[in-house]
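Heads up: the structure comes next, in structure tokens.
Every chain is numbered from 1, with letters handed out A, B, ... down the list of sequences.
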Amino acid sequence: MADDQIAARRQKRDLLREQGQNPYPDRWERTHALDAARVLPEGTQGVRVAGRVMLRRQVSKKLVFLTLQDRAGAMQVSLRAGTLPDEALATLLRTLDVGDFLGIDGAVWVTRTGEPTLDAKDARILSKALRPLPEKWAGLQDTESCYRQRYLDLLTNDATRERFRFRTRFVRALRDRLDAHGFEEVETPVLQTKASGALARPFTSHHNALDIDVTLRIAPETWLKRLLVGGYERVYEFARCFRNEGMDPSHLQDFTMLEYYVAYWSYEENMRFTRELLQAVVAETRGSLRFPCVGHDGVTREVDLGGEWPVVRMTDLIRDRAGLDVTALRDPAELRAWCRAHGVHDEGLDRMAWPSLVDLVYKRTVRPELLGPLFVIGHPIELSPLARRNDAEPGVTDRFQLLVNGWEVVNAYSELVDPDDQRARFEEQAAHRAGGDDEALETEEDYLLCMEHGMPPASGWGMGIDRMVTLLTGQTNLRDAVLFPLMRPL
RNA sequence: GGGGGCAUAGCUCAGUCGGUAGAGCAGCUGGCUUUUAACCAGCGGGUCGGGGGUUCGAGACCCUCUGCCCCCA
């Protein structure tokens with residue numbers, strides 16, 4: 001039983017105490033990380049390292065090799081009679097387990113097999129682990145355990161460690177590049193009285209001190225645009241957002257979106273910047289603009305972010321890929337009939353107006369097939385209540401989405417800054433809401449008030465960080481890009 | 001909401017036709033001063049996810065519940 005192993009380790013901990021050693025001392029002074037210690041010249045003295053014992057090879061009572069691991073790397077350590085005082089060696093032999101944190105003070109030598117090794121003159125257990133680690137070769141494999149006990153996944157699976165390091169680098173590179181372009185990073189509220197900025201169902205809670213109901217934000221959009229009114233010209237936020245909707249490999253309820261807004265830009269300038277930004281950041285963090293992605297059909301294809309990215313109208317995509325000219329099928333009933341005939345089903349099909357039907361057809365039949373990178377433009381205005389109306393074609397918005405491997409990773413547009421048009425759009429949304437669509441936007445009087453004071457022409461942008469990281473690390477589930485995904489309690 | 005798959009020792013996994021529960025790692029005991037997943041000898045460790053059923057007999061077959069993964073809505 002596990003209890004046997006835990007009991008054995010507790011006994012070893014107690015033995016340490018009996019020997020006058022604290023199994024949980026308060027500090028250990030290090031001179032080197034393990035990767036640095038590993039390349040020191042043979043004979044270097046006074047090298048102090050610390051790490052977790054990952055492997056133990058006990059050759060005899062007089063010689064033990066350990067593999068120590070820290071954040072940066074790993075190194076072999078030797079505990080030898082003759083170097084380590086006899087009493088210290090004896091105590092370690094009786095109390096040290098794989099999984100314990102160990103501090104070493106020693107000298108570098110190279111073994112017969114050429115392995116750089118730190119020979120311990122002093123070795124202290126820095127934290128006694130009471131439970132065994134997962135199997136040393138295979139690591140933690142069970143999907144559920146990897147999510148519930150990510151620390152063990154990180155500890156035993158190099159790929160997991162590297163994936164989350166990539167996420168950190170990716171976020172940092174985005175931040176650095178935006179900063180270099182004169183953007184200012186801000187933070188806006190997560191708790192708000194009305195969910196806004198996207199068509200989505202929010203989480204709700206109650207604010208006790210004010211005794212009001214609040215929602216968790218579904219997007220930071222209207223807050224960041226208020227800042228444009230307040231004089232900011234280039235602003236961004238890494239925003240944790242929450243949408244109380246269905247969970248699947250490409251949708252989490254708690255996710256991270258990067259949004260930015262730039263005054264005086266149109267969506268077309270934004271599109272150019274998007275490509276330059278992502279090409280630079282991906283090249284920097286991943287080394288290559290080409291990477292494999294597993295499609296919705298399970299087939300692996302190579303995505304290439306290099307060069308120009310095609311710009312295609314949504315209606316053209318539907319015409320070319322689904323063989324349906326929606327612009328010639330303006331009657332919702334006819335469009336619904338087409339959907340039924342082509343296996344496109346949805347609970348709300350009968351209530352959907354033309355724009356929603358177009359969106360449904362696009363999402364079901366076209367989008368999963370788009371390898372990308374590809375900019376999709378020409379979204380119906382009814383689906384974009386915060387986006388600027390196209391001057392030449394009032395039925396569509398100045399909007400683009402970036403598609404990669406069938407996933408929408410960026411959504412952007414020229415911002416709607418005309419307060420009267422914005423009010424009309426809110427009213428249209430209110431009608432949808434009255435008709436039972438609880439994803440429709442709520443009218444935000446405060447936002448209208450703000451806009452009436454004058455909002456500059458601008459273009460904004462939102463990117464799913466989790467989605468990009470998932471794609472760039474060859475994963476197929478957003479949970480593999482999130483350290484601690486929400487799990488149902490056991 | 002519907003369908004499919006998975007759940008066996010702390011971990012990684014076998015378990016054939018329904019007939020006494022298996023291996024490796026980890027643990028314990030012993031050996032070995034140059035190992036690299038160290039090795040050698042021995043020992044201990046199981047409510048086979050929970051519950052119910054069929055059967056002389058269930059890890060396996062049936063029902064149900066729980067958790068996880070995937071597909072569809």
Whole angstroms only, please: what is the CZ-P distance between A:R38 and B:U36? 15 Å
At less than 3.5 Å, do the side-chain atoms of A:Q76 and the base atoms of B:U35 form a donor-acceptor pair? yes
What is the ring orientation for A:F375 with A:W309, classed by angle as parallel under 30°, tilted 30 to 60°, or perpendicular over 60°? tilted
Got a second to check how far A:T274's OG1 is from A:M463's CE, nearest 0.5 Å? 9.5 Å
Find the distance A:M487:CE to B:C69:C1' and express it as a whole number of Å. 10 Å
Exactly one candidate in A:R243, A:E245, A:R467 meets side chain to side chain donor-acceptor pair (under 3.5 Å) with A:H251; the answer is A:R467
Using 0.5 Å steps for rounding, measure from the CD atom of A:E382 to the OG1 atom of A:T397. 9.5 Å
Go nucleotide by nucleotide along RNA chain B from the 5' end; which of A:G82 and A:Q58 gets its closest nucleotide reached first? A:G82
Looking only at atom C1', what distance separates B:G49 and B:C6, rounded to whole Å? 11 Å
Inter-nucleotide P distance (B:A60, B:G53), Å rounded: 14 Å
Does B:U33 have OP1 or OP2 under 4.0 Å away from a side-chain N or O of A:K61? no
N or O in side chain of A:K62 less than 4.0 angstrom from B:C32 OP1/OP2: no
Taking B:U34, B:A26, B:C68 as options, the one with an atom nearest any side-chain atom of A:R112 is B:U34
Does A:L133 reach a base, just sugar-phosphate, or nothing at all? Heavy atoms under 4.0 Å. nothing
Quickly work out the A:H296 NE2 to B:C72 C1' distance and round it to whole Å. 13 Å
What about A:Q5: does its side chain form a donor-acceptor pair under 3.5 Å with the base of B:A26? yes
Taking only N and O in the side chain of A:R479, is any of them less than 4.0 Å away from OP1 or OP2 of B:C69? yes
Quick check on B:G27: is either OP1 or OP2 less than 4.0 Å from any side-chain nitrogen or oxygen of A:K136? no
For A:Q141, answer base if it contacts any base atom (sugar-phosphate contacts may also be present), sugar-phosphate if it contacts only those atoms, and nothing otherwise; contact means non-hydrogen atoms under 4.0 Å. sugar-phosphate
base_contact_polar (B:U35 base, A:R57 side chain, donor-acceptor, <3.5 Å): yes
Euclidean distance for P, B:G44 against B:U35 (whole angstrom): 32 Å
Do A:T470 and A:W407 have side-chain N/O donor and acceptor atoms under 3.5 Å apart? no
Measure CD/A:Q475 against P/B:C70 and give the value in whole Å, please. 11 Å
Can you measure A:M54 atom CE to B:A26 atom P for me and round it to whole angstrom units? 13 Å
Mind checking if A:R148 touches a base, just sugar-phosphate, or nothing, with heavy atoms under 4.0 Å? sugar-phosphate
Determine the interatomic distance between P on B:A26 and the same-named atom on B:C72; round to the nearest Å. 43 Å
Examine the side chains of A:R57 and A:Q76 and answer whether a donor and an acceptor come within less than 3.5 Å of each other. yes
Rounded distance (Å) that lies between atom C1' of B:C28 and atom CZ of A:R9: 13 Å
Pick the C1' atom in B:G24 and in B:G15, then give their distance to the nearest Å. 15 Å
Checking side-chain polar atoms at under 3.5 Å, does A:R169 have a donor or acceptor matched by the opposite partner on A:T285? no
Of all the choices, B:U33, B:G67, B:C25, which nucleotide is nearest to the side chain of A:R488 once you look at every atom? B:G67
Nucleotide opposite B:A7 in a Watson-Crick or G-U pair, distances under 3.5 Å: B:U66
Position toward the 5' end of RNA chain B (nearest nucleotide), A:N477 or A:T117: A:T117
Nearest whole Å is fine: how far is B:A26 P from A:D100 CG? 15 Å
In whole angstrom, give me the gap between the C1' atoms of B:U16 and B:A73. 39 Å
Starting at CG of A:D248 and ending at P of B:A73, how long is that distance when rounded to a whole Å? 11 Å
Kindly confirm or rule out a cation-pi arrangement of A:R124 over A:W28, judged by NZ or CZ under 6.0 Å from the six-membered ring centre and within 45° of its axis? no
Please name the nucleotide paired to B:C61 by Watson-Crick or G-U wobble geometry with both distances under 3.5 Å, or report none. B:G53
What nucleotide, of B:G67, B:G27, B:A37, holds the atom closest to the side chain of A:L490? B:G67
For B:G22, the nucleotide meeting Watson-Crick or G-U wobble distances (both under 3.5 Å) is B:C13
Looking at A:S60, I'd like to know whether one of its side-chain N or O atoms comes within less than 4.0 Å of OP1 or OP2 on B:C32. no
Looking only at atom P, what distance separates B:G59 and B:U34, rounded to whole Å? 48 Å
Can you tell me, in whole Å, how much space there is between the P of B:G50 and that of B:U8? 10 Å
Checking base pairs now: Watson-Crick or wobble, both atom distances under 3.5 Å. What partners B:G42? B:C28
Once you apply a heavy-atom cut-off of 4.0 Å, does A:R80 come out as touching a base, just sugar-phosphate, or nothing? base
Whether the side chain of A:T111 and the base of B:U36 hold a donor-acceptor pair under 3.5 Å is what I'd like checked. yes
